[in-house]
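Report on one structure; see the data block that follows.
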Amino acid sequence: MRLSIFAFFFLLLCSSLKGQDIDTAWYSETVTNGIRIQNSFPKGGPYPGPTKKHFNYSYLVFYSRVVNETEKPITFTVNFSADSIPIPNSPNTFVKLFLPSDTMTPEKQSQFSYGLTTVASLDASTKFQKKLNPKEDSLFYVVAIFYQTKADAWNEERGGNRGELILKGQDLFYRMLPQIDALPCGHITFHK
């Protein structure tokens, strides 16, 4: 009798748990209008690319996964300008967001910088666009490059060690608190 009660509660517990990839711990995960967006934790370090006129460069690599859980195809577009974003409470510190062209794959999750091989200085806007059929998903990188305009600003608070793509209606936003509350960065188009 006890064994059957235990088995009943065990099966009840198992059926109520939400399935997810065992190897993946997401920083955030949301479902809006049938679109699941999962965002990674950051990886990164000192900036390896060429520096120009600024100081104390560093970078963080994030990746996002967009899953079409609807019954219709979608196209999602993400784009970032090359504009610098000032960091509140640190007047000498800025961040730029970029979408590298390297392809993120699940096998790269355990690698340094999620396997991103090219972290170069980018001074142009970047864009990522992908059509997803029902039940398809896509992974893509987002890189945040931080720099300071004064050489002695090393100890100023940089913040922004978590980033996430979010969907409001059909519009996409990128959030990296405290410096970016909701940066408009794209949209999702639902096809008939």
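Below, all heavy atoms of this structure are taken into account, side chains as well, without hydrogens, waters or symmetry copies. The first residue of the sequence shown is numbered 1, and numbering continues consecutively from there.
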Are any of the side-chain heavy atoms of N68 and N133 separated by less than 4.5 Å? no

Quick one, Q38 and E29 - any side-chain contact, counting heavy atoms below 4.5 Å?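 A side-chain contact under 4.5 Å exists here.
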
Quick one: closest heavy-atom pair of [X] and [Y], and the distance?
X    : Y    : answer
N79  : G186 : OD1-N, 4.4 Å
S81  : S125 : CA-CB, 3.8 Å
G44  : S113 : CA-OG, 4.1 Å
A144 : L97  : CB-CD2, 3.7 Å
P46  : Y59  : O-CE2, 3.3 Å
L132 : S138 : CD2-CB, 3.9 Å

Y174-F80 aromatic ring centre distance below 6.0 Å: yes

Applying side chain to side chain contact (heavy atoms under 4.5 Å, CB included), run through L172 and H187 and close with a yes or a no. CA-CA 5 Å; L172 291 167; H187 58 275; 5.7 Å; no

Go through I35 and V66 one step at a time and tell me if the side chain to side chain contact (heavy atoms under 4.5 Å, CB included) criterion holds. CA-CA 7 Å; I35 307 301; V66 176; 3.8 Å; yes

Please report the interatomic distance [atom1]([X]) to [atom2]([Y]), rounded to the nearest 0.5 Å.
X    : Y    : atom1 : atom2 : result
S64  : I166 : OG    : CD1   : 11.0 Å
F55  : K150 : CZ    : NZ    : 11.0 Å
K96  : Y57  : NZ    : OH    : 7.5 Å
H54  : F94  : NE2   : CZ    : 8.0 Å
T93  : I85  : OG1   : CD1   : 13.5 Å
R175 : R162 : CZ    : CZ    : 14.0 Å

Of W26, F41, F128, the one forming a ring-ring contact (aromatic ring centres under 6.0 Å, His included) with Y63 is W26

Under 3.5 Å, is there a donor-acceptor pair between the T117 and D102 side chains? yes

Report yes or no: do F140 and F173 belong to one cluster of Ile/Leu/Val/Met/Phe/Trp/Tyr joined by side chain heavy-atom distances under 4.5 Å?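 The answer is no; the residues belong to distinct hydrophobic clusters.
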
Is F190 linked to V67 within one hydrophobic cluster, defined over Ile, Leu, Val, Met, Phe, Trp and Tyr using a side-chain heavy-atom separation of less than 4.5 Å?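 In one cluster: no.
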
Partner set under side-chain contact (heavy atoms from CB on, under 4.5 Å) for K43, not counting sequence neighbours: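 Checked K43 against side-chain contact (heavy atoms from CB on, under 4.5 Å); matches are Y114.
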
Are the side chain of [X] and the backbone N or O of [Y] linked by a donor-acceptor pair below 3.5 Å?
X    : Y    : value
N39  : L165 : yes
Q170 : I188 : yes
K108 : T103 : yes

Chi angles and distances behind the side chain to side chain contact (heavy atoms under 4.5 Å, CB included) call for T75, H191: CA-CA 8 Å; T75 299; H191 302 287; 2.7 Å; yes

Does the side chain to side chain contact (heavy atoms under 4.5 Å, CB included) test come out yes or no for E136 and E69, once each step is laid out? CA-CA 8 Å; E136 286 186 336; E69 295 182 348; over 6 Å; no

